[in-house]
Colleague: 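First, the structure itself, so that you have it in front of you.
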Protein chains: 2
Amino acid sequence: MSISSRFAVAIHILALLDINKEGRNTSEFIAGSVNTNPVVIRRVIGLLGKAGLVHTSPGVGGASLARLPQEINLLDVYRAVQNDPPGELFAAHDKPNPKCPVGQNIQGTLDTVFKRAESAMEDELAKVTLDQIVFDLVRGDR
Amino acid sequence: MSISSRFAVAIHILALLDINKEGRNTSEFIAGSVNTNPVVIRRVIGLLGKAGLVHTSPGVGGASLARLPQEINLLDVYRAVQNDPPGELFAAHDKPNPKCPVGQNIQGTLDTVFKRAESAMEDELAKVTLDQIVFDLVRGDR
DNA sequence: ACCACCTGTAACTATTGTAGTTACAATTGT
DNA sequence: ACAATTGTAACTACAATAGTTACAGGTGGT
């Protein structure tokens, strides 16, 4: 299975908040750009808010970045919207037979390898900041 | 979401085939070690067979490794059991609004970043061979 | 040739996660 | 006061996974 599209939507939202920082970013406006339902946007913004990446205000609010775009990287975003705890990108198979030499030790062995692979991916995400994404988007527009 | 436990099960199976290469590895025996249903094992072995990692024979068969354990790495296994095509670990959000400068270009921008992160993970998997896994398992047994 | 054993596969169920949608109370700025 | 907007609950639809039963067909030993 693949990582939920919430991640892609979240990046889209943050990029839009930066580019359109003058305008009023209602969930409906953002939903128009992402092409989905406003509630989906509000849900993702809620997660980003809990993670301290955006400021939101109820009522006639709209959202805005809580940090400079240079100070938001994609790992921050990934962690914010991925509700699986870190270290669980790969699922272990539960309760292998402890009476078997393989079953007895496989969990630990796999855990080490899986964590290493997951970290490699996350390190790559951490290298990319929101302002790089925005730069790329705007450049592509010319 | 996380990567299906088929991957962990597949590694377990391959390790067992190597360690128990003298014995007869029926799906029921393997299922005993993994602690699941024999049909689940046969399904995974089917995928491993299609990928050329194991030999299977119908009837009173049992499975065996098709290559030396030094010549099977975890990326081979990952690709064998992961039916999503490569490059789709991260899901894109479909059809963003092309009238919006963000929606217009975000797909390409994200694609580049996502591919890089996925490759980093896969490179890490490719570094680990089955015989390293087996070595680790047997060592843990002492 | 028989037969016990095993594989390959189809069909079904249960469970889970995601995404989209409607609805509405609570909050805010004008 | 009022119109607009958020935050959230509740529901539907859908897809993937894993487990299970069932069974047709191949294989090797005797």
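Every heavy atom of this structure was used, including side-chain atoms; hydrogens, water molecules and symmetry mates were not. Note that the coordinates shown come from a computational prediction; the quantities given were computed from them, not determined experimentally. So that the names make sense, note that chain A is the first sequence line, chain B the second, and so on, each numbered from 1.
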Colleague: Rounded off to whole Å, could you give me the CG-to-C1' distance for the B:Asn83 and D:dT17 pair?
Modeller: 10 Å
Colleague: Anything under 30° is parallel, anything over 60° is perpendicular, the rest tilted; go ahead and classify A:His12 against B:His93.
Modeller: perpendicular
Colleague: At less than 4.0 Å, is any side-chain N or O atom of A:Thr36 found next to OP1 or OP2 of C:dG20? Yes or no.
Modeller: yes
Colleague: CG of A:Asp84 versus P of C:dT16: gap in Å, rounded?
Modeller: 14 Å
Colleague: Is the shortest heavy-atom distance from the side chain of B:Glu88 to the side chain of A:Ser2 under 4.5 Å?
Modeller: no
Colleague: Is a donor-acceptor pair below 3.5 Å formed from side chain A:Arg43 to base C:dG20, judging by atom type as modelled?
Modeller: yes
Colleague: What's the NE2-P distance between A:His55 and D:dT6, to the nearest Å?
Modeller: 16 Å
Colleague: Can you tell me if A:Thr56 touches the phosphate of D:dG7, counting only side-chain N or O atoms and a distance under 4.0 Å to OP1 or OP2?
Modeller: yes
Colleague: Taking the side chain of B:Ser4 as heavy atoms from C-beta outward, which of C:dT18, D:dT17, D:dT8 is closest to it?
Modeller: D:dT17
Colleague: Grab the CZ-C1' distance between B:Phe7 and D:dT17 for me, whole Å please.
Modeller: 17 Å
Colleague: A:Ile11 and side-chain contact (heavy atoms from CB on, under 4.5 Å): which partner among B:Val102, B:Leu110, B:Val113?
Modeller: B:Leu110
Colleague: Taking the nucleotide of DNA chain D with the nearest heavy atom to each, does B:Val60 or B:Val39 sit closer to the 5' end?
Modeller: B:Val39
Colleague: Heavy atoms from C-beta onward define the side chain here; which of C:dG20, D:dT6, C:dT9 lies closest to that of A:Ser27?
Modeller: D:dT6
Colleague: Do A:Glu122 and A:Ser119 have side-chain N/O donor and acceptor atoms under 3.5 Å apart?
Modeller: no
Colleague: For the pair made of CG in B:Asp94 and P in D:dC14, what is the distance, rounded to whole Å?
Modeller: 15 Å
Colleague: For the pair made of CD in B:Gln82 and C1' in D:dA18, what is the distance, rounded to whole Å?
Modeller: 15 Å
Colleague: Between B:Lys50 and A:Asn37, which residue's closest nucleotide on DNA chain C lies nearer the 5′ terminus?
Modeller: B:Lys50
Colleague: Ignoring backbone atoms, test whether A:Arg42 places a side-chain nitrogen or oxygen under 4.0 Å from the OP1 or OP2 oxygen of D:dT5.
Modeller: no
Colleague: Round to a whole Å and report the spacing from CD of B:Glu28 to C1' of D:dT20.
Modeller: 14 Å
Colleague: Taking only side-chain nitrogens and oxygens of B:Ser5, does any of them come within less than 4.0 Å of OP1 or OP2 of D:dA18?
Modeller: yes
Colleague: Nearest whole Å is fine: how far is D:dA18 C1' from A:His93 NE2?
Modeller: 14 Å
Colleague: So, applying side-chain contact (heavy atoms from CB on, under 4.5 Å) with A:Val34, which one of A:Val40, A:Val9, A:Val44 is it?
Modeller: A:Val9
